[in-house]
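As structure tokens, the structure follows; a few thoughts come after it.
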There are 2 protein chains.
Amino acid sequence: MDSMTSPAVQAPRGGPVTRKDVARYAGVSTAVVSYVVNGGPKKVAPATEAKVQDAIRVLGYRPNAAARALKLGSSETLGLIIPDNTNPFFSLFAHAVEDAAAALGYALVLSNSDGNLAKERRNIRNLAARQVDGVLLASVLFDPDLEALETAEIPAVLLNQEHDAPGFNSIGVDLAAGARIAVEHLIGHGHTNIGLAMGTNVSGSLDGREVGWRQALQEAGLQEGPIAYNGFTWPGGYLAGQRLLASVNRPTAIFATSDTQAVGLLRAIHEAGVAVPGDIAVVSFDGSIESEYSWPPLTTVEQPVAAMAEAAVAALVGARRGEKPRHRIFPTKLLVRQSCGCP
Amino acid sequence: MDSMTSPAVQAPRGGPVTRKDVARYAGVSTAVVSYVVNGGPKKVAPATEAKVQDAIRVLGYRPNAAARALKLGSSETLGLIIPDNTNPFFSLFAHAVEDAAAALGYALVLSNSDGNLAKERRNIRNLAARQVDGVLLASVLFDPDLEALETAEIPAVLLNQEHDAPGFNSIGVDLAAGARIAVEHLIGHGHTNIGLAMGTNVSGSLDGREVGWRQALQEAGLQEGPIAYNGFTWPGGYLAGQRLLASVNRPTAIFATSDTQAVGLLRAIHEAGVAVPGDIAVVSFDGSIESEYSWPPLTTVEQPVAAMAEAAVAALVGARRGEKPRHRIFPTKLLVRQSCGCP
DNA sequence: GTTCGATATTGACTCGAGTAGATGGGGGTG
DNA sequence: CACCCCCATCTACTCGAGTCAATATCGAAC
């Protein structure tokens, strides 16, 4: 940037600089400007290109994204709908999606549905109207309202869905398998009374994590420990902790279905003066950052968030090129720290 | 939604439905459709309006946002640039901004700069090219690179800036005052050796929180406790904790400049087998959710995030109506929990 | 029965950029 | 010297919606 020339040519006109201004300044037609900007479908002589580039720099021209989107029918934008970007797992996911999208030149519109189905629906419609090229939806329902997406005719990826929805991409982890390795690990520590802090969402359908917990116990020939159903959130885990501590057969180990719950759980356990993992061991699910800095650090089932985000974005971009919807399940991995009783 | 009619009229044509299709179906001109959709500048006869509404519903028409943006010169979109949406304070802020923007009909484009100045700059340019109506920038620098914003001629709000940048809105809290009430509270508990876990960022300039810590000690006639400079992050706080524990004059209280640091700090303290608040009291800064569910729950200086987000969005929307840039400082509030020694 | 007026509707132009098809100019070959 | 071809460039139409100026259309009043 030549700081001597810029003040002189700064704002030679009122409004923003358009292709026309650049063309006039460079003494060429508007088409040539487009060709230069896009490495367009036609070639431009080097000398002309230089003139145009110069004009662009001097005038500070930026192509109007709205006009571009109108003509091309693509806004180079993806939409992400999650229950709450404040939840560490979703914030992790949002960051990964943003990275993946940015790498492909797409911007990311964020919207929270706050566990509210009406708001989720409104967000879908809103994104549809904004001509986003694709939507990533982590629905508040296990069985989301797909009608809005269908009528919008926008490529979509359903996140953390277990059953495939025909016509839609979906991406998730094997929740049952993940829960199983968590519970099996606790069983390996010798626990025989393992409770469950189960998150709930709007729909009542069965979560794979509950299935996995049950399977692991059954295969080991153990009885089911107590269950507390509460939200996937901090207060949900806190309440679950209080309830499980008060249950008649207080468990010696608890599997929590999210890190966030586990952190709330830990607070309840500490408050009661009970030792972790000495008196009660804890294993959780997600592998978000907060699991690493809680006390004690949480043993947790890690989801491959970055890979999932990349796959989701790739699916959306691919959909615009006519690729077929796919259903992908990613594997989880046990991240052993100390809350389970390991040293 | 009449489920009987929708399958029959579904997708009567290939591409998406445009205003023209609606006009044809309703037997009116395209102008009338616009008037109906927008409660337009001209009135429409009730009977006609009904016909149009019907056509809209039947065809599933959604106005094309790109075309609208082109004509109106506004994309009804704001951009948010933060270092890392995974950090609980920023995630809280992002959520609040999203809410405030949505309430005014604006969408939010999220981009992370990951503490990387080059990336921050790239994000600014990117958002500028996308014709966002305004940018909220939480810069990695105390003194951000404003040139990109200036040449983009986009209304902007600088977040957490202390000194005004002429020509820009800015919004922040009184960091020094906040730090002072935190440290004064610790002094009130009888502490005389109060350490500081200070976050650092790219620029080297002095942070108000450090100033406030120093002021409070000075006013009380106390000597400065040890300082650990590390990132505003979890590992930063963890390292700071280890260093402060090992310092020759180990403090009996620590002020951490973010909740995230405090959580890392707590882990280090717990690992060393030191009691909080018994042996070492902790007060932190931000008031994000994680402060409530750590162990023990953190006494923290709360920032009025929702109010700040609303003010920031209002400033951007106002800027499009010709309002002048303002510099606003919000007050903080001490949120007393248990890490400070209160019951 | 004509004219005025109010109201409802329409045609046509605009926003800024992409690009096909038309047009020009320069060099090489016969 | 005439011809052709190729490459560089321009003209002009397009995307979908907002909106003003120019019409219909109808009823009421004289």
Side-chain angles (χ1 to χ4, degrees), chain A residues 13-53 55-56 59-76 128-133 152-153, chain B residues 13-53 55-56 59-76 105 128-133 152-153 320:
Chain A
R13 29 189 330 102
V17 183
T18 76
R19 187 178 62 163
K20 216 164 167 179
D21 300 318
V22 176
R24 183 175 10 248
Y25 187 98
V28 299
S29 77
T30 59
V32 176
V33 178
S34 272
Y35 297 151
V36 169
V37 169
N38 308 339
K42 305 231 171 135
K43 285 210 287 188
V44 173
T48 317
E49 162 143 17
K51 272 195 303 183
V52 173
Q53 291 286 18
I56 289 176
L59 299 178
Y61 167 71
R62 308 243 133 232
N64 182 319
R68 211 185 155 86
L70 171 58
K71 191 80 233 284
L72 299 179
S74 153
S75 55
E76 309 244 285
R130 285 171 185 279
Q131 322 290 124
V132 298
D133 295 330
E153 289 188 9
Chain B
R13 30 189 330 102
V17 184
T18 76
R19 187 179 62 163
K20 216 164 167 177
D21 301 318
V22 175
R24 182 175 9 251
Y25 186 98
V28 297
S29 77
T30 59
V32 176
V33 178
S34 270
Y35 296 151
V36 169
V37 169
N38 308 340
K42 304 238 170 126
K43 286 210 287 188
V44 173
T48 316
E49 162 142 18
K51 273 194 303 182
V52 174
Q53 292 286 19
I56 290 177
L59 299 178
Y61 168 71
R62 307 249 130 226
N64 182 319
R68 211 187 155 85
L70 172 58
K71 192 79 236 280
L72 299 179
S74 154
S75 56
E76 311 244 283
R130 285 172 185 279
Q131 320 292 123
V132 298
D133 294 331
E153 287 187 11
R320 293 194 69 79

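As the structure is a prediction and not an experimental result, all values here were calculated from the model.
Of all nucleotides listed (C:dT10, D:dC15, D:dA17), C:dT10 comes nearest to the side chain of B:S29. When each of C:dG16, D:dC10, D:dC20 is scored by its nearest atom to the side-chain atoms of A:A31, the top-ranked nucleotide is D:dC10. Closest contact between the side chain of B:K42 and the listed nucleotides D:dT19, D:dA22, D:dA12 involves D:dA22. For A:V28, whose side chain is taken as the heavy atoms from C-beta onward, the closest listed nucleotide among D:dG18, D:dC10, D:dA22 is D:dC10. In this structure, the nucleotide among D:dA17, C:dG21, D:dG18 sitting nearest to the side chain of B:T18 is D:dA17. Side-chain atoms of A:L70 lie closest to D:dC15 of the nucleotides D:dG18, D:dC15, C:dG18. Across D:dC20, C:dA17, C:dC15, the shortest atom-to-atom separation from the side chain of B:K71 is found for C:dC15. Which of D:dG16, D:dA22, C:dT19 sits closest to the side chain of B:A67 comes down to D:dG16.
For A:Q131 and D:dG16, the CD to P distance is 9 Å, given to the nearest whole Å. One can place CG of A:L72 at 12 Å from C1' of D:dT14, the figure rounded to the nearest angstrom. With rounding to whole Å, B:K20 atom NZ is found 6 Å from D:dC15 atom P. Rounded to an integer number of Å, the gap from A:R24 CZ to C:dG16 P is 12 Å. Across the protein-nucleic acid pair, B:K43 atom NZ and D:dT19 atom P stand 18 Å apart, rounded to whole Å. Rounded to whole angstrom, the span from the CZ atom of B:R130 across to the C1' atom of C:dA17 amounts to 16 Å. Rounded to whole Å, atom C1' of D:dC15 lies 12 Å from atom CZ of B:R19. Whole-Å rounding puts the A:E49 CD to D:dT9 C1' distance at 14 Å.
When heavy atoms are screened at a 4.0 angstrom cut-off, B:V32 is found touching base atoms of the nucleic acid. In this structure, A:A45 reaches the sugar-phosphate backbone alone: every heavy-atom distance under 4.0 Å involves primed, P, OP1 or OP2 atoms, never a base. Using a 4.0 Å heavy-atom distance criterion, A:R68 is classed as a sugar-phosphate-only contact. Within 4.0 Å of B:V33, counting heavy atoms only, lies no atom of the nucleic acid at all. Contacts of A:V37 with the nucleic acid, taken as non-hydrogen atoms under 4.0 Å apart, are absent.
For D:dC7, the base has no donor-acceptor partner in the side chain of A:Y35 [N/O atoms by modelled type, under 3.5 angstrom].
Note on the helix from C:dG1-D:dC30 to C:dG30-D:dC1: terminal axis deviation equals 70°, with five pairs used at each end and the result rounded to 10°.
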Item to complete: Determine, stepwise, if the pair A:V17 / A:V22 fulfils side-chain contact (heavy atoms from CB on, under 4.5 Å).
Response: CA-CA 8 Å; A:V17 183; A:V22 176; 4.2 Å; yes

Practice prompt. Determine, step by step, whether B:V52 and B:V44 satisfy the side-chain contact (heavy atoms from CB on, under 4.5 Å) criterion, reporting the C-alpha distance in whole Å, the side-chain angles of both residues, the deciding distance to 0.1 Å, and the verdict.
Written response: CA-CA 10 Å; B:V52 174; B:V44 173; 5.8 Å; no

Practice prompt. Please report the C-alpha distance between A:R68 and A:N38 in whole Å, then the side-chain angles of each, then the deciding distance to 0.1 Å, and finally whether the side-chain contact (heavy atoms from CB on, under 4.5 Å) criterion is met.
Written response: CA-CA 11 Å; A:R68 211 185 155 86; A:N38 308 339; 3.3 Å; yes

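Inspection of the A:R19 and A:S34 side chains reveals an N or O donor paired with an N or O acceptor under 3.5 Å.
Two residues are said to be in side-chain contact when any heavy atoms from C-beta on lie closer than 4.5 Å; B:T18 and B:T30 fail this criterion. A:V36 places none of its side-chain heavy atoms less than 4.5 Å from the side chain of A:V33.
Judged by distance alone, the side chain of A:R62 and the main-chain N or O of A:P16 form no donor-acceptor pair under 3.5 Å.
Residue B:T48 places none of its side-chain N or O atoms closer than 4.0 Å to OP1 or OP2 of C:dA8. In this structure, A:N38 reaches the C:dG18 phosphate: one of its side-chain N or O atoms is under 4.0 Å from OP1 or OP2.
Both A:T30 and B:P41 lie close to DNA chain D; mapped to their nearest nucleotides by heavy-atom distance, the more 5′-ward contact belongs to A:T30.
The shortest non-hydrogen separation linking A:S75 to A:Q131 is OG-O, 2.7 Å. The shortest heavy-atom contact between A:A55 and A:A26 is CB-CB, 3.9 Å.
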